[in-house]
2 protein chains.
Amino acid sequence: MQHATSSRDTKAEIHRAAVELFSTQGYDKTSLREIAEQVGITKASLYYHYSSKQQLLRAIVGTFLDDIFQVLRLPETLPWSPETEREVLGAYVDVIIAHRATGPTLLRDIAAVLAAFGDDLDELIAQSRRFQLWLAGPDPTAADRLRAAAAVEAVGAAMSIELDLQAGDAEIRAVLLDAATAVLARRGSPVVE
Amino acid sequence: MQHATSSRDTKAEIHRAAVELFSTQGYDKTSLREIAEQVGITKASLYYHYSSKQQLLRAIVGTFLDDIFQVLRLPETLPWSPETEREVLGAYVDVIIAHRATGPTLLRDIAAVLAAFGDDLDELIAQSRRFQLWLAGPDPTAADRLRAAAAVEAVGAAMSIELDLQAGDAEIRAVLLDAATAVLARRGSPVVE
DNA sequence: GTCTATAGGGTGATAGAC
DNA sequence: GTCTATCACCCTATAGAC
């Protein structure tokens, strides 16, 4: 029993260290030596827990992908309305916040993530496009679609904020939901050029 | 004269090959050997034209870097006020839009751009942080700083929109400026949790 | 201007002892 | 489960011949 516990702890520590280093330095620029050093083991020991660097990346990004896909598919079952919009937007914010530590890795090392997940990412882009189109509301103009894209990007700010920000998850959630809503509320407004 | 012409052609070919490879593979994953091979010369010859890999990168993203840094530095000389805020925000939107139009290959691929910034990315992040802090307004709360980050991200939507969007630069500019302003207008609002 | 050759370093990954 | 030692490979960059 003690063996299993020790094993799980080390594996979790590797996972945690990898998330931190990948996020701050990027996947490519983070070496397995660095990760091992931070955990206090050697590279060889790391390989006992994860059979390759890619496997480690898959373990990290995999859970995020599962969650985000679930949210992006929500519109498929829900007709658009102000109420469902708020519900979907809230779910999206929740996922972004929950996985904001892995966010930078995704944004900075798309190439590596693409190599690790292949076709899944193409589907993510397509799904994300449908998601934004749904958010644009019924019969959207080009400006409305742009507003929907801007609203989604605004929520993504959760991934780029600093760690020293003195705000709890609940506050971050409320502010970003409010910000996205404010952008979407401009739908239908005349565009003054 | 023939020497100079030949020289300029090779240098231009290196530049072209580098743009293509950086865009598709990212900066880190593209080796000078690959670039040299594509041009039909050796690495050593490449070093005759560009003194380092970073120099090559600077030649490619130089103008964008200069422009974005110039905008991010604007707050240093301007005290915050509603008027200067609108001016700075407008300048930011202009740079994003301008480089979206002139360098679609480079700017549309977020991964390649971020990778191409290399070590400058750290300085860009620091400058961007000061920029966002200024945008948050005087004596900002944590929520206000988050709103500023969200506003900046919203403008960034210009980079991720599809080509089939039926909207001119002027309309995109107006919509994004309006969206960012709408987010910033929420500053000071009570956060309902 | 371009080449060959090489220095000097880092990387992911494996073998085998304990 | 963790270690030491090592392999095979790739990288940036430089020196010097042509």
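In what follows, chains are A, B, ... by sequence order, proteins preceding strands, each numbered from 1.
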Can a donor-acceptor pair be found, under 3.5 Å and without considering hydrogens, that links the side chain of A/S23 to the backbone of A/A101?
yes
Using whole Å, report how far CG of A/L46 lies from P of C/dT14.
13 Å
Is the phosphate of D/dT2 approached by A/Y48 (side-chain N or O, under 4.0 Å from OP1 or OP2)?
no
Any donor and acceptor pair, going by atom type alone, linking the side chain of A/R187 with main-chain N or O of A/L184 inside 3.5 Å?
yes
Quick one: B/E13 CD to C/dG1 P, roughly how many Å, whole number?
13 Å
Reading nucleotides 4-18 of chain D from 5' to 3' and marking B where a protein heavy atom lies under 4.0 Å of the base, S where only the sugar-phosphate is that close, and - otherwise, the string is B------SBBBB---
Is A/R33 salt-bridged to A/E37, cutoff N-O under 4.0 Å?
yes
Please report the distance, rounded to the nearest Å, between CG in A/L56 and C1' in C/dA13.
14 Å
Let me check something: any side-chain donor-acceptor pairs from residues 69-80 of chain B under 3.5 Å, sequence neighbours excluded? List them with distances.
| residue | atom | partner | partner atom | Å |
| --- | --- | --- | --- | --- |
| B/E76 | OE2 | B/Q127 | NE2 | 3.2 |
| B/T77 | OG1 | B/L74 | O | 3.1 |
| B/W80 | NE1 | B/E85 | OE1 | 2.8 |

For the side chain of A/K43 and the backbone of A/S31, is there at least one donor-acceptor N/O pair under 3.5 Å apart?
no
Show which side-chain atoms of residues 136-144 of chain A pair as donor or acceptor with protein atoms under 3.5 Å away, not counting sequence neighbours.
| residue | atom | partner | partner atom | Å |
| --- | --- | --- | --- | --- |
| A/T141 | OG1 | A/A143 | N | 3.4 |
| A/T141 | OG1 | A/D144 | N | 3.1 |
| A/T141 | OG1 | A/D144 | OD2 | 3.3 |
| A/D144 | OD1 | A/R147 | NH1 | 3.1 |
| A/D144 | OD1 | A/G188 | N | 3.1 |
| A/D144 | OD2 | A/T141 | N | 3.3 |

Could you tell me how far apart A/I14 (CD1) and C/dG12 (P) are, to the nearest whole angstrom?
14 Å
